[in-house]
Amino acid sequence: VKAIVEELRATGSVLMSLHRQPDGDSVGSTLAVAMGLRRRGKRVTVASPDPVPRSYRFLPGADEIVGWAEVEGPFDTVLLLDCADPERTGAPRPLRSYGRVVVNIDHHATNRAYGDLNFVDPGASSSAELAARLLERLGVVIDRDIALALYTGIATDTGGFRYSSTTADTHRLAARLVDTGIDPGEVSEAIYEQNDPAALRVLGRALSTLRLEADGRVAVMELRRADFEGLPPGEADSLGIVNFARSIAGVEVGCLLREDEDGIKVSLRSKGRVDVGAVCQALGGGGHPRAAGATLPGPLPDARRAVLAALAKVLEPR
Ligand SMILES: [Mn+2]
């Protein structure tokens, strides 16, 4: 962290990027650090490969995020948070062509320390938790706006403080953030209660395909392209459809298969006994032990077979 703090103290301009299909942690941790750096007099540009989902557009600075086509360099520093691998930024050119130093801050266990400077802690609940530690080391005062962004990252990546990645430290940090004057109820409403009715209908279609496999230990749902036609990207994701599959009694892994232009997007969620991060890595994807994803070639029934075969290998016999 020391080398990163020194780099960010010395830098004049910073390019940051969200990851593809940005979630609350990607948007929250990145905007928090961007605000902190701007307050220290740095010129900061935040790029994103995909539009910011509607549920995170209330965050200060979200409307200043630009597409990669608008990025003009060069910058002193390229700084990424929550990007398990550099491909996730969707940058059209190698990251090193945008700046002389690439800094990588993340909590994904699959992160391979691809930066020149790396701060990777898989024990952290979220990249926002790491962002808070960094801002503190930079001497940035965490005000209400920064707290709002950090809180959003932590609350979304811990599933509302429900996952076991939530530690006493996570709660202590959240308490400090709430002390700045943010209202957790308002944040929850902004994130979870702005659903598009069309997205809920997509959820309904997914639920209607629910099937139990592997002796009731895997629940699978499917979405075909026609099921979410016309819905802005990310809108259905924000409902956490796959979590409904995991929520069933006796189910260890929830699975959502979704037809996409690149193939079949697979999302897996585990209650903890099965490491779905490893399963998705074997399928060419990645993620966390309890939440991971991969993209497989279609058609859908083939992808379904491949996922169930990969899960059968790791499900311990009862
Ligand atoms: Mn994250």
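The first residue in the sequence is number 1, and the count goes up from there. Every number for a ligand or one of its atoms is a count from 1 in the order of the listing.
- Asp25 contributes OD2 as its N, O or S atom closest to the Mn ion (ligand 1).
- Ring orientation note: the planes of His108 and His19 are nearly perpendicular, at an angle over 60° on the 30°/60° scale.
- Under the side-chain contact (heavy atoms from CB on, under 4.5 Å) test applied with Glu213, the options Val251, Val253, Leu311, Val220 reduce to a single match, Val220.
- Around the Mn ion (ligand 1), the angle linking His107 (NE2) with Asp82 (OD1) is 90°, rounded to 10 degrees.
- The name of the N, O or S atom in Asp157 nearest to the Mn ion (ligand 1) is OD2.
- Judged by distance alone, the side chain of Asp25 and the main-chain N or O of Ser126 form no donor-acceptor pair under 3.5 Å.
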Would you give me the side-chain donor-acceptor pairs under 3.5 Å for residues 187-197, sequence neighbours excluded?
residue: Ser188; atom: OG; partner: Pro184; partner atom: O; Å: 3.0
residue: Gln194; atom: NE2; partner: Glu189; partner atom: O; Å: 3.3
residue: Asp196; atom: OD1; partner: Ala198; partner atom: N; Å: 2.9

